[in-house]
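Structure, as structure tokens:
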Amino acid sequence: MPVSRSTLDNLWDNHPPFQIDGNFGATAAVAEMLLHSHNEEIKLLPALPPKWSTGSIKGLRARGDYTVDISWNGGQLTKATITAGEKSSGPISINYRGKKKTLTPKPGESTILSAKDF
């Protein structure tokens with residue numbers, strides 16, 4: 001069944017009775033489209049849909065105790081703020097469109113990147 005027939009305009013699922021797992025799954029899928037983290041690597045905008053050419057998101061959590069805010073315009077990264085949490089440690093690789101930059105932030109420290117940094 002197409003997603004368009006099983007979800008409302010706000011991406012809540014419409015399967016009676018109320019299905020919380022579908023709602024959580026949809027939000028998790030959107031988050032993964034914008035940020036992916038695994039194996040000490042954070043990928044920025046790994047699956048940005050063409051129709052979302054301009055946008056931003058704040059507060060995405062990445063593995064390793066990082067918080068990431070991202071903005072983009074014309075389908076291109078304009079700004080990513082990576083903030084290391086208290087439990088973050090060691091280097092972290094930031095990947096944007098296959099190009100990588102390694103950061104070693106101290107807990108509480110924020111690093112701002114743009115497409116030009118890659």
Side-chain angles (χ1 to χ4, degrees):
M1 177 181 299
V3 172
S4 62
R5 290 194 351 211
S6 61
T7 58
L8 303 172
D9 289 342
N10 64 1
L11 294 180
W12 289 93
D13 69 19
N14 61 1
H15 300 281
F18 182 74
Q19 299 287 317
I20 195 69
D21 58 336
N23 296 326
F24 288 161
T27 57
V30 169
E32 285 288 325
M33 291 164 56
L34 302 175
L35 180 138
H36 182 78
S37 66
H38 195 67
N39 295 330
E40 288 87 37
E41 180 178 70
I42 296 172
K43 291 182 182 176
L44 303 172
L45 305 176
L48 184 65
K51 289 189 176 187
W52 295 1
S53 64
T54 300
S56 65
I57 191 155
K58 292 185 177 189
L60 287 178
R61 299 288 293 159
R63 287 181 175 90
D65 195 20
Y66 295 93
T67 301
V68 182
D69 301 338
I70 307 170
S71 60
W72 62 93
N73 190 9
Q76 302 285 322
L77 175 70
T78 55
K79 182 178 175 184
T81 304
I82 295 101
T83 303
E86 291 182 20
K87 296 180 183 177
S88 64
S89 64
I92 184 81
S93 178
I94 310 299
N95 181 326
Y96 176 63
R97 295 193 170 175
K99 297 179 182 175
K100 297 182 182 182
K101 182 168 187 73
T102 301
L103 305 176
T104 310
K106 295 179 176 135
E109 183 178 275
S110 292
T111 302
I112 298 173
L113 301 171
S114 71
K116 295 176 185 175
D117 294 307
F118 295 90

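Counting begins at 1 with the first residue of the sequence.
- Hydrophobic clustering of Ile, Leu, Val, Met, Phe, Trp and Tyr side chains at less than 4.5 Å, counting indirect connections, keeps I112 apart from V68.
- Of all heavy-atom pairs spanning T81 and K79, the tightest one is OG1-CE, 3.6 Å.
- At distances below 3.5 Å, not a single donor-acceptor pair connects side-chain atoms of S53 with backbone N or O atoms of P50.
- When all heavy atoms are compared, the tightest approach of L44 to Y96 is O-CD1, 3.6 Å.
- Crowding of E32 atom CD: a count of heavy atoms from other residues, nucleotides or ligands under 6.0 Å exceeding 12.
- The distance from the NZ atom of K99 to the NZ atom of K101 is 12.5 Å, given to the nearest 0.5 Å.
- Under the 3.5 Å distance criterion, with hydrogens and angles disregarded, no donor-acceptor pair is assigned to the side chains of T78 and N73.
- Residues P46 and M33 fail the side-chain proximity criterion, which asks for heavy atoms closer than 4.5 Å.
- Taking each heavy atom of T67 and G59 in turn, the nearest pair found is CG2-CA, 3.8 Å.
- Between the side chains of S71 and S56, no donor-acceptor pair is found at a separation under 3.5 Å.
- Here CH2 of W52 is found 5.5 Å from CG of L34. Values are rounded to the nearest 0.5 Å.
- Counting only heavy atoms from C-beta outward, the side chains of S114 and L77 never approach each other to under 4.5 Å.
- Classification of R63 and E41 as a salt-bridged pair fails, no side-chain N sitting under 4.0 Å from a carboxylate O.
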